[in-house]
Amino acid sequence: QVQLVESGGGLVQAGGSLRLSCAASGSIRSINVAAWYRQAPGNQRELVARATRGGSTNYADSVKGRFTISRDDAKNTVYLQMNSLRPDDTAVYYCNTEVILRPSLTYENCWGQGTQVTVSS
């Protein structure tokens, strides 16, 4: 069974920074695709950033130039560096990964429990 544990959320003033972490554990051979989503009250969950194992990344237009997704494949950990935070970044942030399981080499899609990010004006 795969577990994703997120950390790094909290309360920050507008213009500040936070770094979210997502550590995957369990019978994992590797992480194929890693992504961060967010969901604000009353809104649908939306993709924030995505990174493939091959190094490709893509971002929501609203966070381009401010957020950076990265991964440490040796540690099965994914990060989201968030700079120049704005009040409209306030949401619960979720880690999502497609992992390759061992020994079966099958794929599994996994979600973290979510971490709250609140940006005050």
Side-chain angles (χ1 to χ4, degrees):
Q1 190 171 358
V2 177
Q3 276 193 318
L4 300 183
V5 178
E6 300 160 355
S7 60
L11 173 65
V12 64
Q13 288 189 327
S17 298
L18 284 174
R19 188 192 195 206
L20 305 183
S21 299
C22 172
S25 61
S27 299
I28 301 169
R29 184 178 186 273
S30 61
I31 294 175
N32 188 33
V33 179
W36 288 94
Y37 287 75
R38 67 185 180 186
Q39 188 167 18
N43 290 358
Q44 290 188 334
R45 191 171 297 190
E46 63 173 356
L47 176 67
V48 175
R50 181 177 179 270
T52 68
R53 184 169 177 79
S56 298
T57 58
N58 58 283
Y59 297 89
D61 287 343
S62 60
V63 307
K64 281 180 182 175
R66 301 188 298 123
F67 291 12
T68 302
I69 187 171
S70 62
R71 44 192 290 170
D72 184 338
D73 289 334
K75 296 181 179 179
N76 286 330
T77 300
V78 184
Y79 305 97
L80 185 68
Q81 178 67 43
M82 305 185 293
N83 298 329
S84 302
L85 283 160
R86 309 184 309 215
D88 61 357
D89 293 317
T90 295
V92 178
Y93 283 70
Y94 296 91
C95 177
N96 173 254
T97 62
E98 181 186 71
V99 301
I100 302 173
L101 301 175
R102 54 175 173 84
S104 62
L105 301 185
T106 55
Y107 290 76
E108 183 170 309
N109 189 266
C110 308
W111 288 92
Q113 80 283 2
T115 185
Q116 177 70 47
V117 171
T118 303
V119 184
S120 63
S121 56

Closest contact, heavy atoms only, Thr57 versus Ala51: CG2-CB, 3.9 Å
side-chain contact (heavy atoms from CB on, under 4.5 Å) between Thr68 and Tyr79, intermediate numbers included: CA-CA 8 Å; Thr68 302; Tyr79 305 97; over 6 Å; no
For Ser84 and Ser17 the tightest heavy-atom approach is N-OG, 4.3 Å
The reported gap from CD1 in Ile100 to CD1 in Ile28 (rounded to nearest 0.5 angstrom) is 10.5 Å
CZ (Arg86) with more than 12 external heavy atoms under 6.0 Å: yes
Please report the interatomic distance CG(Leu101) to OH(Tyr107), rounded to the nearest 0.5 Å. 10.5 Å
If hydrophobic clusters are built from ILVMFWY residues whose side chains come within less than 4.5 Å, do Val12 and Tyr93 share one? yes
Would you list the pairs meeting salt bridge (charged side-chain N to carboxylate O under 4.0 Å, His left out) in which at least one residue belongs to residues 43-53, sequence neighbours left out? Arg38-Glu46, Arg53-Asp73
Under the side-chain contact (heavy atoms from CB on, under 4.5 Å) criterion, do Asn58 and Leu47 qualify, and how do the steps go? CA-CA 10 Å; Asn58 58 283; Leu47 176 67; 3.9 Å; yes
More than 12 heavy atoms of other residues, nucleotides or ligands under 6.0 Å from CD of Gln3: yes or no? no
Rounded to the nearest 0.5 Å, the OG atom of Ser120 sits from the CD atom of Gln13 at a distance of 5.0 Å
Do Leu18 and Val78 sit in one hydrophobic cluster, given that two such residues count as connected whenever their side-chain heavy atoms are within less than 4.5 Å of each other, even indirectly? yes
With the 4.5 Å side-chain cut-off for hydrophobic clustering, are Ile69 and Tyr37 part of the same group? no
Between Gly112 and Tyr94, which heavy-atom pair has the shortest distance, and what is it? O-CD2, 3.7 Å
Indicate yes or no for a side-chain donor-acceptor contact from Thr77 to the backbone of Ala23 under 3.5 Å, with no hydrogens or angles considered. no
Contacts of Arg66 that satisfy salt bridge (charged side-chain N to carboxylate O under 4.0 Å, His left out) - sequence neighbours left out: Asp89
Leu20 versus Met82: any side-chain heavy-atom pair under 4.5 Å? yes
Between Thr97 and Glu108, is there a side-chain heavy-atom distance shorter than 4.5 Å? no
Ignoring hydrogens and angles, tell me if any N or O in the side chain of Asn96 forms a donor-acceptor pair with the backbone of Ala34 under 3.5 Å. no
Could you tell me whether a side-chain N or O of Tyr59 sits under 3.5 Å from a main-chain N or O of Gly65, the two making a donor and an acceptor? no
List the steps, then state whether side-chain contact (heavy atoms from CB on, under 4.5 Å) holds for Cys95 with Trp36. CA-CA 5 Å; Cys95 177; Trp36 288 94; 3.9 Å; yes
Rounded to the nearest 0.5 Å, what's the gap from CG on Leu11 to CD on Gln116? Could you check? 9.5 Å
Atom CG in Leu4, atom CD1 in Ile31: separation rounded to 0.5 Å? 7.5 Å
Let me confirm one number: the CD-CD distance from Gln39 to Gln44, rounded to the nearest 0.5 Å. 8.5 Å
